[in-house]
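Proteins come first, then strands; the chains are lettered A, B, ... in the order of their sequence lines, and each starts at number 1. Because the structure is a prediction, the values reported are computed rather than measured.
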Number of protein chains: 2
Amino acid sequence: MPEPLTHSPETPQTIAESGRSDDRCRDTRTRLLVAAGPVFAARGYDGATVRDICSAAGVNIASVGYHFGDKLGLYRNVIQDVRLSRAERFPAPNTDVEDPQRTLHALVKTLLARMLTAEDSEWETELLMRELQSPTPEFENIVEEFFRPLFEQLVETISLLAKTDLPEQTLQQLAFSTVGQCLYYRVGARAIGVLIPEQQRRLHYGIDSLSRHITTVMLAAIENTSSMQHYIEHADH
Amino acid sequence: MPEPLTHSPETPQTIAESGRSDDRCRDTRTRLLVAAGPVFAARGYDGATVRDICSAAGVNIASVGYHFGDKLGLYRNVIQDVRLSRAERFPAPNTDVEDPQRTLHALVKTLLARMLTAEDSEWETELLMRELQSPTPEFENIVEEFFRPLFEQLVETISLLAKTDLPEQTLQQLAFSTVGQCLYYRVGARAIGVLIPEQQRRLHYGIDSLSRHITTVMLAAIENTSSMQHYIEHADH
DNA sequence: AGCTGTTTAAAACAATCGTTTAAATTCTCG
DNA sequence: CGAGAATTTAAACGATTGTTTTAAACAGCT
């Protein structure tokens, strides 16, 4: 029976608990993890084949079964690595109760940076976007661990900015308005590429310019929401 | 040689040009078109299987090969039908220069309706969203015929609402902020479903409630953008 | 009716998918 | 060194994919 972890794909490997510095094992394991991310991002979970991943990693096809149980196990580990990687690469700012405006701007900047940064970590964003449209069994965990913290910090910051007490659902909608604007410059990037000439795009669609714009929009909206939400209600007739 | 259009999948069928009222043929052809849309939308082009589509249409597996040449030929016809269908189902409102606020609200409502309407045409939106993430050669046409008219009308309406003259790129960014907020309630719908309990969602995330919220946000932003965009510029230090 | 061309039906095609097997190899450690 | 566990290898499994084939059923026309 040479199947050490067929029934426990969660546990990395048996010898890990012995504390050994498993050279060989860790090698193919990490090579799989490194190679799998971009492939999953480029072709989606279903579209990515284990053969492509293993070929890109330069390992045998059976390795994914041995080290991760199955394809989904590999995917889960990739997602987990993405979470760790992004947490330190794009750290969420601390909430500054003294200067919530700065906090909001920092949050927007973080969101936009995560969306638009085109480094070698570009595939990570693509992977998360794919989860939004074609969720895998990992989706709920991703929302809880990726989105909820930022969302709640956003709600809290907006709450600090509002002069009057706003109902919870209004705070949440304002938070979604913020996230939505940031997300659009990724989701709708291809449409923007058609609508806006490249020359203009280069000038006015950088992270700094956009974060300033979105923050301005939201500050104005927050300030006025509590006092001027009568606009539509009576014009609806 | 019983393969009439293997080399010309664009042409519907040979007898069409003879003007006959091809009952039988047109029947399975349209049944395939009607059934294929939702399947393509739900599972994506690759994920959708010819067998599923034919099973849903109640026709034989070989029919798609006969009528459309191959799977891609069927997909192209589906996309084309979507373009025609949506143009008349969700007409953009006319610009009312006397009441740009009402126009903006109507535009937001149209956008949200296209995004969130859960009729039988729901799959059309899903299909367009998939084109945003994984564009086909049809994508540019879709942007030009669907997005640009609404986008330019949005820019014009915002321009009418602004008290002072705003630079073109500011108007465009404001338009994207509007579209982005609307789009998010579809793109991020699955995330919202995790973040917000269903009970709350039912109450505050309908088209009316959201369009009112987004319009309020944008009216406040437009009104203040020209006079209070100093917020961040000097706080950046 | 009888023939011809068109359309559908059921089966089979080759290719590819994720996964498994069983032997070969490498490594660990007494 | 050499026994035994850990790991990698090559091959094959069964299921499913898009597509094609073969024969049967249907249409319209003389």
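Applying the 6.0 Å contact sphere to CD of B/Gln80 captures no more than 12 heavy atoms from other residues, nucleotides or ligands. Surrounding CZ of B/Arg43 are at most 12 heavy atoms belonging to other residues, nucleotides or ligands under 6.0 Å away.
Nucleotide D/dT21 holds its P atom 14 Å from the CG atom of B/Asp70, rounded to whole Å. If you take CG of B/Leu32 and C1' of C/dT8, they are 12 Å apart, rounded to a whole angstrom. The distance from atom OH of A/Tyr66 to atom C1' of D/dT9 is 13 Å, rounded to the nearest whole Å. Rounding to whole angstrom units, OH of residue A/Tyr75 and P of C/dG18 are separated by 14 Å. In this structure, A/Asp27 places its CG atom 8 Å from P of D/dT8, rounding to the nearest Å. If you take CZ of A/Arg43 and C1' of C/dT16, they are 13 Å apart, rounded to a whole angstrom.
Listed by first then second residue, pairs satisfying side chain to side chain donor-acceptor pair (under 3.5 Å) with a partner in residues 187-199 of chain A read A/Glu198-A/Arg202, not counting sequence neighbours.
With 3.5 Å as the limit, one finds no donor-acceptor pair spanning the side chains of A/Glu122 and A/Thr117. When only modelled atom types and interatomic distance are considered, A/Arg89 and A/Ser85 share a side-chain donor-acceptor pair under 3.5 Å.
Looking at the side chain of B/His67, the nearest of the listed nucleotides C/dT8, D/dT19, C/dT19 is C/dT8.
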Note to self: Walk me through whether A/Phe139 and A/Leu132 qualify under side chain to side chain contact (heavy atoms under 4.5 Å, CB included).
What the structure shows: CA-CA 8 Å; A/Phe139 177 70; A/Leu132 268 182; 4.0 Å; yes
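DNA chain D is contacted by no residue of residues 133-142 of chain A, taking any non-hydrogen atom closer than 4.0 Å. Contacts between residues 46-62 of chain A and DNA chain D, counted as heavy-atom distances below 4.0 Å, involve A/Arg51, A/Asn60, A/Ala62.
Between the side chain of B/Ser211 and the backbone N or O of B/Ile207, at least one donor-acceptor pair lies under 3.5 Å.
Between A/Phe151 and A/Phe146, every side-chain heavy-atom pair lies at or beyond the 4.5 Å cut-off.
Residue B/Thr28 places at least one side-chain N or O under 4.0 Å from the OP1 or OP2 atom of C/dT8.
We find that A/Arg31 and A/Asp27 are joined by a salt bridge, their nearest charged nitrogen and carboxylate oxygen being less than 4.0 Å apart.
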